[in-house]
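Notes follow once the structure below has been shown.
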Amino acid sequence: MYFFFFVIRRAQYNWYTANTKSRIRIIATGIFTVGVIVITYIQCRAMMRESFQKNIPSNDNSLKDMNPDDMRAKIKEMMMHAWRNYARVVWGTNEFRPISRRVHFGGDFATYKLGATIIESLDTLHLMGLNKELRRSRDWIEKSFHLDRVDEALSVYELTSRLLCPMLTLYSLTGDSLYMDKAIHIADKILPAFDTPTGIPRRLVVPKEGSTLTKYLSDISRTSEFGSLHLEFYYLSEVSGYPVYRERVDAIREILAKTTRPNGLYPNAYCTKFGKWENYNCSMHRLYDTLLKSWIQSGRTDTQNADTFKEAMLAVAQNLVVINPEDVTYVSTFRNGTLFHRMRHSDCFAGGLFVLGAAETQMKHWEKYAHIGIGLTDTCHDSYWSSPTRLGPDTFAFTEESQQEIEPLQRNYYNLRPEVAETYLVLWRITHHPQYRLWGLEMVQAIEKYCRMPYGYTGVMDVNNVTSEPDDVQGSFFLGSTLKYLYLLFSDDDVVSLEQWVFNSAGHFLPIKGVNPMYRQHNSSN
């Protein structure tokens with residue numbers, strides 16, 4: 001401190017005692033020094049970015065250069081880069097802004113410190129053998145994680161798929177009862193959302209008991225969300241011995257079975273108060289995914305879900321899937337009696353769903369469903385490959401009219417979402433066609449080139465502009481899902497085998513009953 005004080009006083013003395021010529025020399029020296037610092041900083045940034053790329057095969061995308069071991073090592077390094085900076089700067093918070101180096105408060109878990117990045121990363125850390133980071137995460141969960149004081153409305157779906165499920169995954173992998181206890185804690189905070197006239201849960205719930213905010217919650221719930229709760233609640237009843245969780249989601253299934261479905265489709269929104277569809281707008285959503293995976297999770301014994309899945313996918317194929325004259329396959333949105341010829345990045349899970357459904361159920365005309373899935377995957381890859389950044393936009397259109405409709409929405413951003421990587425993994429595991437690993441390599445290269453920052457990863461605002469501004473958000477799902485799918489894409493098939501595990505809608509995996517020894521069913525005799 002005294003040294004700096006002395007330097008400042010010395011500089012002041014030199015300035016006030018210097019003549020004009022000396023002052024000009026001092027100013028010139030200062031400008032030169034600042035210039036050297038700026039140039040050095042720019043060169044260092046360039047060297048750092050170059051070093052980030054050194055472990056990735058060159059951009060010629062040659063299959064002979066793509067070594068799965070090297071790719072796993074690279075993706076593990078990406079995970080550590082994202083994790084390390086989150087842990088250093090905003091540990092315990094939900095998400096990280098890697099450019100401004102502060103907490104991101106605009107996510108799905110509001111402003112409370114729920115450790116979303118910590119919890120979503122649990123199974124990724126375990127999978128990659130990052131045991132030190134996993135132990136630190138467990139310690140934080142044991143000492144700091146609870147929802148008792150959260151007096152804000154949170155999404156039932158996000159709580160279930162992104163916080164509850166990772167706890168169940170780690171309980172399956174480790175047998176550590178802490179994770180089951182925390183899963184029960186989360187589920188118990190969600191249960192009040194089911195207290196509606198129909199039994200269909202509200203979209204939001206306030207975890208704090210007795211909160212006055214509860215009476216202001218909307219009665220409209222999204223089918224894609226309440227229809228995706230089955231895997232977690234069913235398994236929680238299986239491992240805890242408490243039937244209430246399974247009873248809640250079984251009730252959803254029974255209600256949906258009695259509803260009128262336009263053209264066999266499940267509309268997007270349901271009124272939990274009056275027990276009817278809010279409208280008849282339909283799109284591709286995760287309910288269809290959950291129907292298939294609930295059947296798989298049961299050890300392929302739950303025939304009701306299998307039959308419902310087959311009927312629903314036939315309706316999707318007949319009413320939402322479009323194959324245009326250019327042989328481009330996509331799933332559209334049905335709204336107000338009209339098809340909207342556009343697709344969202346989040347719809348890209350459908351490619352894997354069609355192929356997995358065809359392979360698992362061998363349903364009638366299964367080869368046509370597989371063809372649709374492969375076509376959807378090609379379309380999602382093309383959305384990446386056709387952009388200058390090789391990153392896919394949030395929304396992409398297939399007709400001039402639809403393109404004009406989405407342009408004002410400015411949905412050209414990429415925010416590190418996992419659905420395309422999810423579909424690459426499924427198709428690789430089922431077909432072993434090398435192009436899916438090649439496309440995964442392309443995704444890793446693009447993320448490293450345009451999304452990697454010195455302190456983490458960020459989305460970009462416009463994938464069609466190579467100089468686009470970053471969005472300065474490192475979502476927890478990037479660590480919990482995107483990097484996990486990419487890591488598994490370059491792993492052996494027996495690492496989280498699709499024969500023994502089933503993935504939920506947020507990329508966390510649960511064991512399959514009857515075939516996976518880690519399916520820790522509660523024993524009432526103990």
Side-chain angles (χ1 to χ4, degrees), residues 157 198 200-201 203 220-231 249 251-272 274-295 302-324 329-358 360-361 363-366 368-373 375-376 379-380 395 397-399 402 405 419 423 505:
Y157 168 74
T198 59
I200 297 291
R203 179 171 177 259
I220 306 303
S221 194
R222 296 177 181 175
T223 311
S224 62
E225 296 183 350
F226 71 76
S228 302
L229 307 178
H230 195 277
L231 296 177
V249 291
I252 293 175
R253 183 170 68 170
E254 296 305 318
I255 291 168
L256 289 178
K258 298 175 182 177
T259 59
T260 300
R261 297 187 292 278
N263 298 320
L265 298 169
Y266 292 88
N268 295 341
Y270 188 87
C271 179
T272 63
F274 297 110
K276 62 180 183 179
W277 299 114
E278 178 67 9
N279 52 55
Y280 289 117
N281 299 337
C282 300
S283 60
M284 191 71 207
H285 51 62
R286 286 284 185 174
L287 168 62
Y288 304 110
D289 186 55
T290 302
L291 290 171
L292 172 65
K293 292 177 178 177
S294 296
W295 171 68
D302 186 352
T303 56
Q304 181 180 350
N305 269 330
D307 293 340
T308 305
F309 169 75
K310 293 175 186 178
E311 295 172 1
M313 292 308 287
L314 176 61
V316 170
Q318 291 177 334
N319 296 282
L320 297 182
V321 172
V322 177
I323 303 177
N324 68 16
T329 305
Y330 57 93
V331 283
S332 55
T333 298
F334 186 81
R335 184 177 301 168
N336 299 324
T338 303
L339 278 182
F340 284 71
H341 296 274
R342 60 195 188 202
M343 194 171 168
R344 297 194 64 178
H345 191 289
S346 56
D347 297 331
C348 284
F349 78 91
L353 174 60
F354 269 95
V355 174
L356 183 63
E360 287 285 348
T361 66
M363 51 190 168
K364 187 177 180 180
H365 303 307
W366 65 268
K368 294 183 179 179
Y369 289 94
H371 181 73
I372 290 172
L376 290 172
T379 299
C380 290
T395 305
F398 302 93
T399 64
S402 294
E405 291 170 351
E419 289 84 5
T423 281
S505 55

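Remark: side-chain polar atoms of Arg261 are paired, donor with acceptor, to backbone N or O of Leu256 under 3.5 angstrom. With hydrogens and angles disregarded, no donor-acceptor distance shorter than 3.5 Å links the side chain of Tyr266 to the backbone of His285. A distance-only check finds a donor-acceptor pair linking the side chain of Asn281 to the backbone of Asn336 [under 3.5 Å]. Judged purely by atom type and a 3.5 angstrom limit, Thr423 uses its side chain to pair as donor or acceptor with the backbone of Gly352.
Taking the side chain as every heavy atom from C-beta outward, Leu320 and Phe334 approach each other to under 4.5 Å. Annotation: side chain of Leu231 is not in contact with side chain of Ser505 (no heavy-atom distance under 4.5 Å). Contact annotation: the side chain of Met343 approaches that of Cys380 to within less than 4.5 Å [non-hydrogen atoms, C-beta and beyond].
Counted by atom type alone, His230 and Ser294 present one or more donor-acceptor pairs between their side chains at under 3.5 Å. Defined by atom type and a distance below 3.5 Å, a donor-acceptor pair is missing between the side-chain atoms of Thr259 and Tyr270.
Note that CG of Asn305 is 13.5 Å distant from NZ of Lys293, once rounded to the nearest 0.5 Å. To the nearest 0.5 Å, the span separating OG1 on Thr198 from CD1 on Ile255 amounts to 5.0 Å. Note that CZ of Arg222 is 15.0 Å distant from CG of Leu287, once rounded to the nearest 0.5 Å. Going from atom CZ of Arg286 over to atom OG of Ser224 covers 10.0 Å, rounded to the nearest 0.5 Å. Separation of atoms CE (Met284) and CG (Leu265) is listed at 10.0 Å; rounding is to 0.5 Å. Within the model, atoms CD of Glu419 and CG of Leu353 stand 12.5 Å from one another, a figure rounded to the nearest 0.5 Å.
Between Ser332 and Leu339 the shortest heavy-atom distance is OG-CD2, 3.2 Å. The nearest pair of heavy atoms linking Ile220 to Ala269 is CG2-CB, 4.0 Å. In this structure, Glu360 and Trp295 approach most closely via the heavy-atom pair O-CH2, 3.6 Å. Across all their heavy atoms, Ser228 and Thr290 have their closest contact at CA-OG1, 3.4 Å. Residues Ser221 and Phe226 approach most closely at OG-CD2, 3.4 Å, considering heavy atoms. The heavy-atom pair separating Thr260 from Trp277 by the smallest distance is O-NE1, 2.7 Å.
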Could you list the donor-acceptor pairs under 3.5 angstrom formed by side chains in residues 308-319, with sequence neighbours left out?
residue : atom : partner : partner atom : Å
Thr308  : OG1  : Gln304  : O            : 2.8
Asn319  : ND2  : Asn263  : O            : 3.3
Asn319  : ND2  : Ala315  : O            : 2.8

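Ring geometry for Tyr330 versus Phe398: interplanar angle under 30°, hence parallel rather than tilted (30 to 60°). Taking the six-membered ring where tryptophan is involved, the planes of Tyr369 and Phe354 are essentially parallel, since the angle between them stays under 30° and well short of 60°.
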Quick one: do Thr329 and Val321 satisfy side-chain contact (heavy atoms from CB on, under 4.5 Å)? Show the steps, please.
-> CA-CA 7 Å; Thr329 305; Val321 172; 4.1 Å; yes
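Counting heavy atoms of neighbouring residues, nucleotides and ligands inside a 6.0 Å radius, atom NE2 of His371 does not exceed 12 of them.
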